[in-house]
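The basis for the numbers below is simple: all heavy atoms, side chains too, and nothing from hydrogens, waters or symmetry mates.
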Amino acid sequence: MEKQILVIYTGGTIGMIKDADSGVLKPFNFKNIYEQLPMLRQFNYKIDFLTFENLIDSSDADKAFWIELATKIEDNYDKYDGFVVLHGSDTMSYTASALSFMFNNLNKPVVLTGSQLSLAEIRSDGRDNIINAIEVAAAYKGDIPMVPEVSICFENKILRGNRTLKNNAENFEAFISPNYPPLAEVGVNIKYNREFIHYNNESNFSVNKNIDERIAVIKLFPGISSKIIEAVLEVDGIQAVILETYGSGNAPTTREFLEVLKSGIEKGIIIVNVTQCTKGSVQMGKYETGKQLEEIGIIGAWDMTTESAVTKLMCLLGQLDNKDDVRTIFPQTLRGEITLE
Ligand code: ASP
């Protein structure tokens with residue numbers, strides 16, 4: 001039977017075209033997609049397009065946007081075999097990570113893509129990205145999808161969404177997955193790396209829509225004043241802080257610095273430790289500087305990206321009433337976002 005794919009356009013560069021009269025970029029009407037991408041007709045799939053009423057630059061993504069997107073997928077989950085989400089590249093890794101934690105028992109492909117150059121540009125990378133994303137969303141072996149995960153398809157690679165980060169504002173290869181291999185690679189054929197893809201045996205797809213945004217990220221730098229950290233920990237209602245530390249999870253060892261963090265933890269704020277390095281993992285027991293953080297109750301995020309840690313904390317805080325449960329579950333891998341040694 002022909003596969004049915006839903007393409008959801010949320011905004012971003014990929015869907016912009018130049019207005020013939022004024023020359024300014026305006027959102028493209030996906031009803032006319034076959035004029036822009038006639039090769040889509042060669043696919044043996046039924047492709048439907050759904051456009052967000054409020055198209056956003058992805059810098060404006062927030063929890064309401066994630067919930068709207070997740071709800072559109074939930075509402076159409078049974079009708080389609082796979083989903084493609086067209087999204088601005090700037091915060092695509094956050095959205096992909098958020099969706100991965102919001103979805104329970106995902107059994108269908110949800111492929112996010114976008115582009116560095118709009119479809120209107122002669123050299124647009126958007127054409128290949130859309131075509132590859134649709135092909136991946138429709139790829140099944142028998143009844144089983146090849147990539148039943150939330151992934152990002154960009155410049156010939158399909159990456160696990162919650163492992164990615166945008167690391168290039170210029171190249172077509174805008175995303176990397178520094179701590180996890182690609183789920184698939186696009187060449188003459190699409191090569192699926194099945195040993196790295198997660199296949200879920202449970203049915204009963206559901207969406208967690210309780211998200212708590214009351215968190216903060218503090219990036220350490222040499223000379224950072226503990227007053228800055230103190231000020232963040234005093235923000236009204238703050239529930240958790242991500243400390244972006246050095247190397248394998250190290251931070252200054254001064255008493256003042258540790259005291260400030262400790263008093264935040266005593267107030268019930270969850271503090272987690274994510275490394276500033278793109279590759280490698282937090283191992284707080286390795287150096288004295290990291291060990292002290294562990295001793296005061298800071299939780300290591302292993303090799304989670306900041307994008308993943310942010311969205312995972314928001315989802316766990318939204319779902320669980322008991323902060324101790326958040327502390328216990330956060331360092332465990334839920335959607336393949338952590339490498340287990
Ligand atoms: N600023 C745009 C966005 O993230 C860039 C892009 O579309 O890639 O929405």
Side-chain angles (χ1 to χ4, degrees), residues 1-8 10 43-50 63 65-87 95-113 133-153 158-164 180-184 190 192-211 304 308 311-312 314-321 325-326 328-330 332-340:
M1 221 180 70
E2 83 177 348
K3 292 282 175 249
Q4 320 237 19
I5 303 300
L6 182 65
V7 179
I8 304 173
T10 67
F43 275 140
N44 215 354
Y45 319 136
K46 181 174 182 310
I47 307 170
D48 289 334
F49 289 85
L50 194 160
K63 94 174 184 187
F65 167 77
W66 295 334
I67 292 170
E68 188 180 349
L69 176 57
T71 305
K72 288 205 177 354
I73 293 173
E74 181 183 34
D75 292 347
N76 289 287
Y77 192 76
D78 293 334
K79 280 190 248 155
Y80 291 92
D81 299 295
F83 300 86
V84 171
V85 177
L86 305 179
H87 189 291
T95 297
S97 301
L99 291 179
S100 79
F101 298 118
M102 291 167 78
F103 292 157
N104 302 311
N105 298 328
L106 179 69
N107 268 321
K108 292 186 176 175
V110 176
V111 189
L112 279 76
T113 194
I134 291 176
E135 186 156 345
V136 171
Y140 272 64
K141 190 163 190 211
D143 286 344
I144 312 220
M146 297 300 277
V147 189
E149 294 205 29
V150 180
S151 62
I152 286 186
C153 169
I158 319 303
L159 306 170
R160 175 172 292 161
N162 62 28
R163 290 295 197 145
T164 62
Y180 200 73
L183 304 181
I190 299 185
Y192 293 92
N193 298 323
R194 291 175 66 99
E195 68 274 33
F196 300 122
I197 300 171
H198 179 69
Y199 294 93
N200 166 39
N201 294 324
E202 306 288 325
S203 46
N204 294 337
F205 174 72
S206 66
V207 182
N208 158 47
K209 294 177 193 169
N210 291 325
I211 297 175
M304 248 183 270
S308 227
T311 52
K312 185 175 182 179
M314 287 183 182
C315 286
L316 291 179
L317 287 166
Q319 267 177 74
L320 303 166
D321 294 331
D325 291 340
V326 179
T328 309
I329 294 174
F330 180 81
Q332 300 173 14
T333 187
L334 302 179
R335 303 285 188 263
E337 72 281 10
I338 298 174
T339 306
L340 296 173

### Message
One pair to check against side-chain contact (heavy atoms from CB on, under 4.5 Å): Lys3 and Phe43. What are the steps and the verdict?
### Response
CA-CA 10 Å; Lys3 292 282 175 249; Phe43 275 140; over 6 Å; no

#### Entry: Leu183 side, atom CG; Phe196 side, atom CZ - distance, nearest 0.5 Å
9.5 Å

### Query
With no hydrogens and no angle check, is any side-chain donor or acceptor of Lys312 less than 3.5 Å from a backbone partner on Phe330?
yes

### Task
State, with a plain yes or no, whether a side-chain heavy atom of Met102 is found less than 4.5 Å away from one of Cys315.
yes

### Message
If the condition is ring pair (Phe, Tyr, Trp, His ring centres under 6.0 Å), which residues does Phe205 pass it with, not counting sequence neighbours?
### Response
Tyr77, Phe103

#### Entry: Between Asp48 and Tyr80: side-chain donor-acceptor atoms closer than 3.5 Å
yes

### Query
Looking at Glu149 and Arg163, does any basic side-chain N land under 4.0 Å from a carboxylate oxygen?
no

### Query
Should Arg194 and Tyr199 count as side-chain neighbours, where that means a heavy-atom distance under 4.5 Å?
yes

### Task
Any chance you could measure Met314, atom CE, to Ser97, atom OG, to the nearest 0.5 Å?
11.0 Å

### Task
Taking the side chain as every heavy atom from C-beta outward, state whether Phe65 and Thr95 have any pair of such atoms under 4.5 Å apart.
yes

### Query
Would you say the side-chain atoms of Ser308 and Asn162 include a donor-acceptor pair closer than 3.5 Å?
no

### Query
With a 4.5 Å heavy-atom cut-off, do Leu112 and Leu99 have their side chains touching?
yes

### Query
What closest approach, in Å, do Lys108 and Phe83 show between heavy atoms, and which atom pair accounts for it?
CD-CE1, 4.5 Å

### Message
For a 4.5 angstrom cut-off between non-hydrogen side-chain atoms, does Pro181 reach Asn193?
### Response
no

### Task
For the pair Asp81 (side chain) and Ile5 (backbone), establish whether a donor and an acceptor sit closer than 3.5 Å, ignoring hydrogens and angles.
no

### Message
Run Ile73 and Val85 through side-chain contact (heavy atoms from CB on, under 4.5 Å) and show every step you take.
### Response
CA-CA 10 Å; Ile73 293 173; Val85 177; 4.2 Å; yes

### Query
So which of Leu86, Val7, Ile134 actually passes side chain to side chain contact (heavy atoms under 4.5 Å, CB included) with Thr113?
Leu86

### Query
At what distance, to the nearest 0.5 angstrom, does OG of Ser151 lie from CD1 of Ile197?
9.0 Å

### Query
Looking only at heavy atoms, which two atoms of Val150 and Ala96 are closest? And how far apart?
CG1-O, 3.5 Å

### Query
Would you say the side chain of Phe101 lies within less than 4.5 Å of the side chain of Glu337, judging by non-hydrogen atoms?
yes

### Task
Carefully, step by step, assess Arg335 and Arg160 under the rule side-chain contact (heavy atoms from CB on, under 4.5 Å).
CA-CA 9 Å; Arg335 303 285 188 263; Arg160 175 172 292 161; over 6 Å; no

#### Entry: Nearest-0.5 Å distance that lies between atom CG in Leu6 and atom NZ in Lys46
9.5 Å

### Message
If I take atom OG1 from residue Thr311 and atom CG from residue Leu316, how far apart are they, to the nearest 0.5 angstrom?
### Response
9.5 Å

### Euclidean distance, Thr333 OG1 relative to Met304 CE, rounded to 0.5 Å
7.5 Å

### Task
Locate the shortest heavy-atom distance separating Glu202 from Asn105; write the atom from each residue and the value.
CB-OD1, 3.2 Å

### Flag, side chain of Asn200 to backbone of Leu106, donor-acceptor distance under 3.5 Å
yes

#### Entry: Derivation of the side-chain contact (heavy atoms from CB on, under 4.5 Å) call for Glu135 and Tyr45
CA-CA 9 Å; Glu135 186 156 345; Tyr45 319 136; 4.0 Å; yes

